[in-house]
There are 2 protein chains.
Amino acid sequence: MAKRMTIRDIAALAGVSKTTVSRVLNNRPDVDAETRERVMKVVEEHGFVPSVAASTLAGRSRLIGALIPELTWPLIPEIMHGVAEVIAQTDYELVLYSVNDRNHQKDRSEILERILERKLVAGLLAIYPGQSTEYLEKLQRQGFPVVILDDQATPSERIPWVSADQRNGAYEATRYLVRLGHRRIAHIRGPLEYQVSHDRFRGYCDALAEAQIMVEPQLIETGDFTLSSGQLCAERLLTLDQRPTAIFAANDLMAQGVYFAAQSLGLRVPEEVTVVGFDDVLFASLMQPPLTTVRQPLDEMGRSAIELLLRMIETPSLPYEWKWSVSERNLSRSVFITHKTHVVVRASCKQLCTPLSLSK
Amino acid sequence: MAKRMTIRDIAALAGVSKTTVSRVLNNRPDVDAETRERVMKVVEEHGFVPSVAASTLAGRSRLIGALIPELTWPLIPEIMHGVAEVIAQTDYELVLYSVNDRNHQKDRSEILERILERKLVAGLLAIYPGQSTEYLEKLQRQGFPVVILDDQATPSERIPWVSADQRNGAYEATRYLVRLGHRRIAHIRGPLEYQVSHDRFRGYCDALAEAQIMVEPQLIETGDFTLSSGQLCAERLLTLDQRPTAIFAANDLMAQGVYFAAQSLGLRVPEEVTVVGFDDVLFASLMQPPLTTVRQPLDEMGRSAIELLLRMIETPSLPYEWKWSVSERNLSRSVFITHKTHVVVRASCKQLCTPLSLSK
DNA sequence: TTGTAAGCGTTATCAG
DNA sequence: CTGATAACGCTTACAA
């Protein structure tokens with residue numbers, strides 16, 4: 001295996017200086033078109049790739065940091081899948097910073113310190129950063145590129161933010177149930193300290209309002225996104241005098257809890273209870289019956305977040321002016337990308353009657 | 001935020017040269033104990049961490065590469081969880097190289113080229129490397145530290161290898177079924193091009209032999225690890241004249257397929273069919289009923305693999321002589337670590353009778 | 001045991 | 001538009 005080529009070798013081969021090669025490699029505008037071409041030719045012939053370590057040390061890192069919660073959290077792998085896919089097509093490499101559950105604020109900020117202090121990565125993608133948002137803002141203010149991917153939808157005014165439309169997803173899901181003829185539709189919310197829980201609840205209420213169905217307090221339960229909480233809430237709902245014909249759980253895990261509750265009460269899904277979840281995690285399609293749920297386009301979200309970050313890194317001057325295909329608001333000079341969510345219809349829902357509106 | 005400290009600052013503060021600080025930081029033996037202590041004190045006081053970029057450029061990278069298949073493959077997150085946990089406690093950072101399904105041999109070796117050519121990482125943890133093994137051997141021969149974590153159990157003679165005891169897991173699972181009183185126990189194998197499929201099948205046969213039960217060819221099906229294949233195989237098995245009372249599927253996904261087959265045939269799990277899976281992926285405990293399965297200690301496997309790799313990197317001279325707590329064979333100067341697997345009992349199995357042997 | 005000095009491969013600065 | 005030259009922060013012969 002030949003010794004690794006350096007920028008110097010390329011320079012010699014192309015008959016220019018290292019500097020010029022560097023300029024070409026970094027897409028600098030101030031290079032003669034012809035020179036650029038000549039250099040590129042040599043670069044490609046030899047499959048030359050600049051050393052990440054050297055670039056980083058010299059101040060132009062080609063390393064991207066990803067700050068993620070436990071990889072075992074169901075949504076993460078899909079997001080990272082999208083992220084990795086984009087990175088693989090670039091000169092950048094991905095450095096993983098995993099924060100585990102137990103880590104409290106202190107450890108989180110320690111990790112962030114570590115990230116910055118080492119000046120290793122060129123930018124940071126923070127996925128579901130939880131409490132760290134405040135700290136991330138500090139970084140951003142110091143000129144360090146940060147993109148947040150989260151569902152908390154309380155965007156910092158300054159950090160570019162990628163999210164999905166939680167409210168609308170819940171709205172569409174509930175609307176779907178209404179169209180199937182359901183009128184007693186229960187909702188198991190997520191914990192109220194999360195913004196998503198409110199957004200999804202809101203979507204549910206909106207859909208009911210539109211259908212002129214009253215929101216009945218007894219049909220609203222509050223879980224904590226765990227299976228057992230879903231089960232508990234569902235047990236209460238399903239033993240109501242007038243039990244709901246459909247239950248919309250705020251996430252798939254609680255929906256699975258509904259399945260368990262139904263089973264223990266001898267009720268079948270979907271024949272006697274219709275169930276809808278949220279997230280479309282990997283096992284949703286494996287459930288018995290396969291779960292109708294609201295899909296967040298997680299891989300796309302990961303992709304767009306990392307693409308945004310890459311652009312921020314490569315054009316530090318005009319960071320807040322991109323057009324974006326998905327849906328973009330330009331608030332106080334920052335970027336917010338909201339991805340669409342949509343209902344994935346599977347077998348967990350039963351049609352109660354055939355209202356004409358369905359045909360629409 | 002104060003300017004980042006460098007090794008030079010530490011040196012000044014401790015009243016020694018950069019060289020000495022470097023030596024201390026790298027645990028070199030040739031430093032006076034007292035000096036070392038003095039330096040360490042300063043280092044700790046200031047929470048100093050050496051620059052990964054600079055170290056790497058200077059020839060001692062603190063970056064570890066992880067080559068993984070799709071993150072969305074069910075076993076990966078748990079493994080990576082263990083990996084990340086260990087890395088977090090060290091000075092190293094983790095660089096992710098994700099290979100996606102579509103990538104054929106060519107792309108894989110391209111990634112590997114990329115990994116090496118950039119001289120970025122100090123070593124590589126290859127998780128389920130598939131076809132790349134051959135190439136990995138080449139790296140290893142060139143003195144580049146590589147550890148493989150795989151279930152294919154055809155260890156290269158030279159690359160340290162971390163795995164789990166597939167045969168014994170299957171053996172224990174089958175033995176468990178025998179103890180429950182089952183005698184017509186079917187097995188849905190994985191595809192025969194994988195070594196795991198054979199290992200697990202072997203465990204199944206061994207357990208039956210021990211119980212003096214004949215292996216009946218009709219009770220052996222071969223799937224491809226997908227849900228639908230499991231379902232198909234199970235449908236055949238469950239419509240046999242003398243249908244099995246228990247089905248041992250070679251992975252959890254096929255076990256879920258068995259659930260579907262049972263349901264479509266109006267058979268209940270576990271009342272009419274007992275089911276056991278393999279892997280204990282995250283959703284196994286969420287299945288209805290929760291699946292009895294064989295657990296591979298994935299996080300521990302990840303942990304031990306990365307620890308092994310770190311040791312190889314830090315002691316390049318004597319790479320093949322460690323003691324290991326789990327179970328270690330020293331074959332032809334390489335290290336093989338085999339983790340124990342064990343049966344996780346959940347609700348998917350029914351006891352047919354109460355043989356005395358159970359009390360044992 | 002410790003220090004001096006020469007890289008490691010880029011990028012940035014500043015002249016030409 | 002192009003090219004010297006000096007960083008970047010650390011490791012590692014080689015000397016002392």
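Lettering follows sequence order; numbering is per chain, from 1. For the numbers below, each heavy atom of this structure counts, side chains included, while hydrogens, waters and symmetry mates do not.
In this structure, the nucleotide among C:dT11, C:dT10, D:dC10 sitting nearest to the side chain of B:Thr6 is D:dC10. Comparing atom distances between the A:Val16 side chain and each of D:dG3, D:dG9, D:dC1 picks out D:dG3 as nearest. Of the candidates C:dT10, C:dT2, D:dG9, the closest approach to any side-chain atom of B:Asp32 belongs to C:dT2. Minimum atom distance to the side chain of B:Asn26 is reached by D:dT11, of the listed C:dC8, D:dT11, C:dT11. Of the listed nucleotides (C:dC8, D:dT11, C:dT2), D:dT11 has the atom at the smallest distance from the side chain of B:Ser22. For B:Thr20, taking side-chain heavy atoms from C-beta onward, the closest of the listed nucleotides C:dG3, D:dC10, C:dG9 is C:dG3. Distance from the side chain of B:Thr35 is smallest for C:dT1 among the nucleotides D:dT2, C:dT1, D:dC10. Side-chain atoms of A:Arg62 lie closest to C:dT10 of the nucleotides D:dA4, C:dC8, C:dT10.
In this entry the distance linking NZ of B:Lys18 with P of C:dT4 reads 10 Å, nearest Å. Between B:Asp91 atom CG and D:dC10 atom P the separation is 12 Å, expressed in whole Å. One atom, CG of A:Leu120, and another, P of D:dC8, lie 17 Å apart when rounded to the nearest Å. Taking atom CG on A:Leu25 and atom P on C:dT11, their separation rounds to 6 Å, with Å as the unit. One can place CG of A:Asn27 at 13 Å from P of C:dA12, the figure rounded to the nearest angstrom. Atoms CD1 (B:Ile7) and P (D:dT11) sit 5 Å apart, rounded to a whole Å. Distance CE (A:Met5) to P (C:dC8): 15 Å, rounded to an integer number of Å. In this structure, CZ of B:Arg8 is placed 9 Å from C1' of D:dG9, rounded to the nearest angstrom.
Heavy atoms of other residues, nucleotides or ligands lying less than 6.0 angstrom from CD of A:Glu34 number 12 at most.
Side-chain polar atoms of B:His339 and B:Ser304 form a donor-acceptor pair below 3.5 angstrom. Side-chain contact check for B:Ser55 and B:Arg60: no donor-acceptor pair (N or O, by modelled atom type) lies under 3.5 Å.
For the pair A:Arg23 and D:dG3, the criterion of a side-chain N or O lying under 4.0 Å from OP1 or OP2 is not met. Distances shorter than 4.0 Å separate some side-chain N or O of B:Ser17 from OP1 or OP2 on C:dG3.
Each of B:Asp30 and A:Val21 has a nearest nucleotide on DNA chain C; the 5'-most of these lies closest to B:Asp30. Residues B:Ala33 and B:Gly59 each lie close to DNA chain C; by heavy-atom proximity, the contact nearer the 5' end of the strand is made by B:Ala33. Take the nearest nucleotide of DNA chain D for A:Val31 and for A:Leu57: the residue whose nucleotide is more 5' is A:Val31.
Using a 4.0 Å cut-off between charged side-chain N and carboxylate O, A:Glu85 and A:Arg303 make a salt bridge.
The shortest distance between side-chain heavy atoms of A:Ile76 and A:Tyr128 falls below 4.5 Å. Looking at heavy atoms from C-beta onward, B:Phe48 lies out of side-chain contact with B:Val42 at the 4.5 angstrom threshold.
At the heavy-atom level, A:Thr56 lies nowhere under 4.0 Å from the strands shown. Residue contacts shown for B:Arg36 are absent, as no nucleic acid heavy atom lies under 4.0 Å away.
Side-chain atoms of B:Thr19 and base atoms of C:dT4 include a donor and an acceptor less than 3.5 Å apart.
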